[in-house]
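Note: hydrogens, waters and symmetry copies are ignored here, and every other heavy atom, side chains too, is used. Note that the structure is predicted; figures quoted are calculated from it, not measured.
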Amino acid sequence: MKPRQTVVVLGAGPAGLATVLRISQAGFTVTLLEERDRLGGGMVASVPGGELLDAIPPIVFGYHSATLRLLKELGTARLTQLKTPDHIEFRQRDHGTKRLRYLWMPAPLHSILGLAASRGLTVRDLWRALVFLEQTWEANPALPLDLDSRRGDQWLTEIRQSEDAQVNVWAPLARFLVNSELSGVSAGVLVEALKRSFLTGRADSRIGIADHSWSHLFLRPAETHFEKLRVTVRKGLPFEHLLLKHNRIAGIRLADRRTITADWYVSALPPRRLSALLPEQVVTHYATFHQLSKLSDAAGLTVHLWFPTRLSTPRLMLLVGHTFHWLVVRRADKDIVVSLVATGRADLMHHPAQALAEFALTDVRTAIPELAAAAPFKTHVIKRERACLVTRPGTAAFRPLAESPIPNLLLAGGWTDTGLPDSIESAVLSADRCAQILAERREKKGREG
């Protein structure tokens, strides 16, 4: 009996964890290496007392097929509470709240007319959007090929969406779906996100907001599966560099001078970290690695506030004219937790946690009248200097495929070329692709050898 092929996976974020699950299920012997002393990467953050909190609230769309399939295997998909997103609210600071209604009509009319019913769009903006959507739906004419090189606000202006519609509807949707302002996001990425989230089938448009944390949904069940699959997990091991020999990875050198070797290697690290591990001549020689320097990240800020009260949950509110971009309300035992998120607000990152918590509380009291006089009994602020990939116009050309120029090195991560914004779904989809490539290469090697 031939020995099983070995794989080392670098990085225990969502892409790394999903990759380990997939390739170990496929019969590879897997070692997971993580520089931190915990799993989860940027999905979670450690807070005083050792607790792991969500760095981003657990939200899953119906079109997130790779994520839902993975959570189903882990036994936690049922906890995401997928529903039609009637609980999405657009909250303007001075103009009240508009609720997105979903009508019992064929896609994409169920979304766009539901937005009209909520008075989110004027009749003129609605009509212009419908004309564009009908053409998009029927691919007649096809979407412009240069969408990725244009900004989101430029595209919306071209389809004659008013400034009011851009500010109060499309901008908050862009911040929620692609973590970016309209003026800084690729129109191609924005259109794809809008289509998948709201303009395809009704099932794809559902949204799941879990009361449970990512630790409960993903991390702890993954660790249980790792034990069953006999995955070797090694945490708290800083990496020094990747060793190359004859244009192949020959091992990963750790900071303590030990070397770990395998047949295959999967990097599930952020692009900057991967570049730092590769020899300089490799980075400069191969365009795939050289172009990693052209990818940039956005800062992310999440504030969790716990209130000793009961509200209708879940609630998802897209904020306009507030400090934070969106918030969710979830149950937390007998209380509720309100999680507020801002992405790309580098100007906020220098503020101390107490000030950020006050900013968040001000937004909560403005957006949720039931909490106007409430005081949180617990607060946690989570800052991430590099939270997600910035999908500016032209960025798609620099996002690498899973297969790298080095034959036994694959790349995984939400920032790779998945066709999606950097998200949990993009990360899991990249893991599926790595597992598929490894299985195909093993089969090919078996036929040849």
Side-chain angles (χ1 to χ4, degrees), residues 6-26 28-45 55-56 66-67 70 74 214 218-219 221-223 225-226 229 231-242 249 251-254 260-278 288-289 292 295 297 384 386-389 399-406 408-418 420-439 441:
T6 57
V7 184
V8 165
V9 177
L10 306 177
L17 296 177
T19 300
V20 170
L21 284 168
R22 289 286 176 252
I23 61 180
S24 57
Q25 289 168 342
F28 291 87
T29 297
V30 185
T31 298
L32 172 62
L33 302 181
E34 169 57 44
E35 293 187 289
R36 306 183 200 190
D37 58 2
R38 62 165 178 82
L39 305 183
M43 177 185 285
V44 293
I56 195 77
T67 302
L70 183 68
L74 295 175
W214 280 122
F218 192 173
L219 304 189
E223 289 186 275
H225 278 64
F226 291 168
L229 295 165
V231 173
T232 300
V233 179
R234 305 177 72 174
K235 296 176 284 187
L237 296 176
F239 314 145
E240 189 170 86
H241 57 263
L242 287 164
I249 303 295
I252 172 73
R253 178 68 59 82
L254 305 180
I260 296 177
T261 62
D263 298 311
W264 305 95
Y265 299 82
V266 179
S267 171
L269 301 169
R272 289 175 182 267
R273 188 69 188 106
L274 173 59
S275 294
L277 293 176
L278 289 166
T288 295
F289 301 128
L292 295 182
L295 301 177
D297 305 304
R384 294 186 294 159
R386 295 188 175 94
C388 60
L389 176 72
R399 297 175 71 175
L401 299 171
E403 295 184 87
S404 83
I406 300 175
N408 65 337
L409 174 65
L410 301 180
L411 308 179
W415 55 274
T416 61
D417 185 13
T418 63
L420 298 176
D422 189 355
S423 62
I424 179 68
E425 174 68 5
S426 184
V428 176
L429 184 59
S430 74
D432 288 349
R433 292 183 176 177
C434 286
Q436 181 182 358
I437 292 168
L438 283 174
R441 291 187 178 181

Tell me, do Val233 and Glu223 make a side-chain contact under 4.5 Å, heavy atoms counted? no

Heavy-atom pair of closest approach, residues Leu389 and Leu295: CD1-CB, 3.8 Å

For the CG atom of Asp263 and the CZ atom of Phe28, what is their distance to the nearest 0.5 Å? 9.0 Å

In short, side chain to side chain donor-acceptor pair (under 3.5 Å) pairs touching residues 268-278 with sequence neighbours left out are Glu35-Arg273

By side-chain hydrogen bond (donor to acceptor under 3.5 Å, both in side chains), Glu425 pairs with (sequence neighbours left out) Thr67

Can you tell me how far the CZ atom of Arg38 sits from the CG atom of Leu219, to the nearest 0.5 Å? 8.5 Å

Set of residues satisfying side-chain hydrogen bond (donor to acceptor under 3.5 Å, both in side chains) with respect to Arg399, sequence neighbours excluded: none

Checking Arg253 now: which residues fulfil side-chain contact (heavy atoms from CB on, under 4.5 Å) with it, not counting sequence neighbours? Glu240, His241, Leu243, Arg257, Thr259

Are the side chains of Trp415 and Asp297 in contact, using a 4.5 Å heavy-atom criterion? no

Measuring only between side-chain heavy atoms, which start at C-beta, is Leu32 closer than 4.5 Å to Leu17? yes

Does some side-chain heavy atom of Leu21 sit less than 4.5 Å from a side-chain heavy atom of Phe226? yes

Got a donor-acceptor contact below 3.5 angstrom from the Trp214 side chain to the Gly40 backbone? no

Looking at every heavy atom in both Leu292 and Pro400, which two are closest together, and how far apart are they? CD2-CG, 4.1 Å

If you define the side chain from C-beta out and look only at heavy atoms, does anything of Thr31 sit under 4.5 Å from Thr6? no

Answer whether the closest heavy-atom distance between the side chains of Trp264 and Ile23 falls below 4.5 Å. no

Does the side chain of Phe218 reach to within under 4.5 Å of the side chain of Leu70, using non-hydrogen atoms? yes

Are the side chains of Phe239 and Leu269 in contact, using a 4.5 Å heavy-atom criterion? yes

How long is the straight-line distance from CG of Asp417 back to CG of Leu401, given to the nearest 0.5 Å? 5.0 Å

Who are the side-chain hydrogen bond (donor to acceptor under 3.5 Å, both in side chains) partners of Thr418, not counting sequence neighbours? Ser426

Listed once per pair and sorted, the side chain to side chain donor-acceptor pair (under 3.5 Å) pairs that draw on residues 11-21, sequence neighbours left out: none

